[in-house]
Amino acid sequence: MKEKMIRIISPVTTAIVCLLDAAVLGYGIFAVTKLISQFGTMSIIFAVIEVFALAVAALVTKEVLSNGVIFRDDEAEFTGVDDNNIISYESIREIEAYKDTAASLTKNFDMRHALIMFTTSDKKVNTIDLGIVANSTVNKILDEFKARCDTISINFNQVKKPDPLFKKDRAKEADEEEKNGFDE
């Protein structure tokens with residue numbers, strides 16, 4: 001099979017990087033106008049700082065756009081992850097993906113991350129955190145794994161509705177802790 005790359009780009013990260021790139025460009029325009037209107041030590045310092053800022057902005061943008069999954073003939077590599085990022089198709093026994101999209105004002109951003117959990121044939125579990133990505137990206141990754149490896153099961157568990165029972169259970173636990181004297 002041909003090598004394939006699926007980019008994993010978070011909409012939030014993309015918006016932040018675009019905003020930072022716009023700020024660097026705005027600062028560049030300011031530095032150039034200062035350099036033209038008032039040629040002096042401070043305007044030269046502004047121009048030098050702008051050259052470094054442009055280099056950093058280009059490297060950060062390149063890094064954000066290069067994150068993804070590279071599917072090769074016998075393995076898949078998650079480029080945005082440092083540890084356990086290469087998965088052999090032969091060793092995969094089960095794949096489970098999880099994403100929480102239920103509406104809630106009490107959840108942090110890290111609770112919204114999409115996760116892919118690989119269970120290998122020696123019963124080890126490798127979890128890859130994809131970050132905040134679209135459901136279509138998770139589905140593309142899972143479809144590519146379906147096409148390339150023979151697994152027992154591939155599941156995508158998506159939480160779409162908040163669980164009202166969770167709040168009731170939490171309230172009961174808090175009441176029990178208060179009665180037992182375990183109040184923090």
Side-chain angles (χ1 to χ4, degrees), residues 1-25 51-163 165-166:
M1 277 189 157
K2 189 176 172 184
E3 188 173 292
K4 184 175 182 178
M5 167 82 168
I6 297 177
R7 295 196 190 283
I8 300 174
I9 300 175
S10 166
V12 175
T13 304
T14 304
I16 290 171
V17 167
C18 288
L19 184 66
L20 291 174
D21 287 346
V24 167
L25 290 175
V51 169
F52 286 120
L54 282 171
V56 169
L59 291 173
V60 168
T61 303
K62 180 183 175 243
E63 178 63 29
V64 166
L65 294 177
S66 69
N67 288 341
V69 186
I70 301 172
F71 291 95
R72 297 191 179 94
D73 289 336
D74 57 345
E75 64 187 13
E77 178 181 2
F78 290 85
T79 59
V81 183
D82 291 334
D83 289 336
N84 299 324
N85 62 336
I86 298 175
I87 313 279
S88 174
Y89 301 135
E90 296 172 347
S91 66
I92 298 174
R93 193 176 100 198
E94 186 177 347
I95 300 173
E96 185 176 352
Y98 174 81
K99 184 171 180 194
D100 187 356
T101 58
S104 174
L105 296 174
T106 59
K107 293 181 182 173
N108 294 332
F109 280 114
D110 61 344
M111 294 177 179
R112 302 289 184 177
H113 287 199
L115 303 172
I116 295 183
M117 293 155 279
F118 298 95
T119 304
T120 59
S121 54
D122 56 350
K123 297 185 180 179
K124 291 183 181 177
V125 177
N126 184 9
T127 302
I128 305 287
D129 186 352
L130 299 179
I132 301 174
V133 296
N135 289 343
S136 60
T137 304
V138 177
N139 285 327
K140 284 179 190 176
I141 292 169
L142 292 177
D143 288 343
E144 196 63 33
F145 273 110
K146 284 178 189 174
R148 292 180 180 258
C149 63
D150 299 324
T151 62
I152 295 173
S153 68
I154 296 178
N155 298 323
F156 182 20
N157 298 326
Q158 183 180 357
V159 179
K160 294 182 181 182
K161 294 181 182 178
D163 189 6
L165 298 176
F166 177 70

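- Partners of Lys146 by side chain to side chain donor-acceptor pair (under 3.5 Å), not counting sequence neighbours: none found.
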When you look at Leu54 and Leu25, which way does the side chain to side chain contact (heavy atoms under 4.5 Å, CB included) test go after all the steps?
-> CA-CA 8 Å; Leu54 282 171; Leu25 290 175; 4.2 Å; yes

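- For the pair Lys123 and Arg93, the minimum side-chain heavy-atom distance is below 4.5 Å.
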Could you list the donor-acceptor pairs under 3.5 angstrom formed by side chains in residues 59-70, with sequence neighbours left out?
| residue | atom | partner | partner atom | Å |
| --- | --- | --- | --- | --- |
| Thr61 | OG1 | Asp21 | OD1 | 3.4 |
| Thr61 | OG1 | Asp21 | OD2 | 2.8 |
| Thr61 | OG1 | Ala57 | O | 2.8 |
| Ser66 | OG | Lys62 | O | 3.3 |
| Ser66 | OG | Glu63 | O | 3.0 |

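- To the nearest 0.5 Å, atom CD1 of residue Ile8 and atom CD1 of residue Ile116 are 7.0 Å apart.
- Here the side chains of Thr127 and Asp129 are not in contact, with every heavy-atom distance at 4.5 Å or above.
- Summarising the geometry of Leu130 relative to Val133, their closest heavy-atom pair is O-CG1, 3.6 Å, with the distance given to 0.1 Å.
- Applying the side chain to side chain donor-acceptor pair (under 3.5 Å) rule to Thr120 yields the partners Asp122; only residues at least two apart in sequence or on another chain are considered.
- By the neighbour-count criterion of 12 heavy atoms within 6.0 Å, atom CD of Glu90 is sparsely surrounded, having that number or fewer from other residues, nucleotides or ligands.
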What's the verdict on side chain to side chain contact (heavy atoms under 4.5 Å, CB included) for Phe78 and Ile87, showing C-alpha distance, side-chain angles and the deciding distance?
-> CA-CA 8 Å; Phe78 290 85; Ile87 313 279; 4.1 Å; yes

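- Remark: Ala134 pairs with Ser136, Thr137 by the side-chain contact (heavy atoms from CB on, under 4.5 Å) rule, at least two apart or across chains.
- Every residue meeting the salt bridge (Lys or Arg N to Asp or Glu O under 4.0 Å) condition with Glu75, not counting sequence neighbours, appears here in chain and number order: Arg72.
- Screening residues 53-72 for ring pair (Phe, Tyr, Trp, His ring centres under 6.0 Å) gives Phe71-Phe145 as the qualifying pairs, with residues at least two apart or on separate chains.
- With sequence neighbours left out, Lys140 forms a salt bridge (Lys or Arg N to Asp or Glu O under 4.0 Å) with no residue at all.
- Here the CD1 atom belonging to Ile95 is positioned 11.0 Å from the CD1 atom belonging to Ile128, to the nearest 0.5 angstrom.
- The CG atom of Leu115 sits 8.0 Å away from the OH atom of Tyr98 when rounded to the nearest 0.5 Å.
- The backbone N or O of Ile132 lies less than 3.5 Å from a partner atom in the side chain of Ser10, making a donor-acceptor pair.
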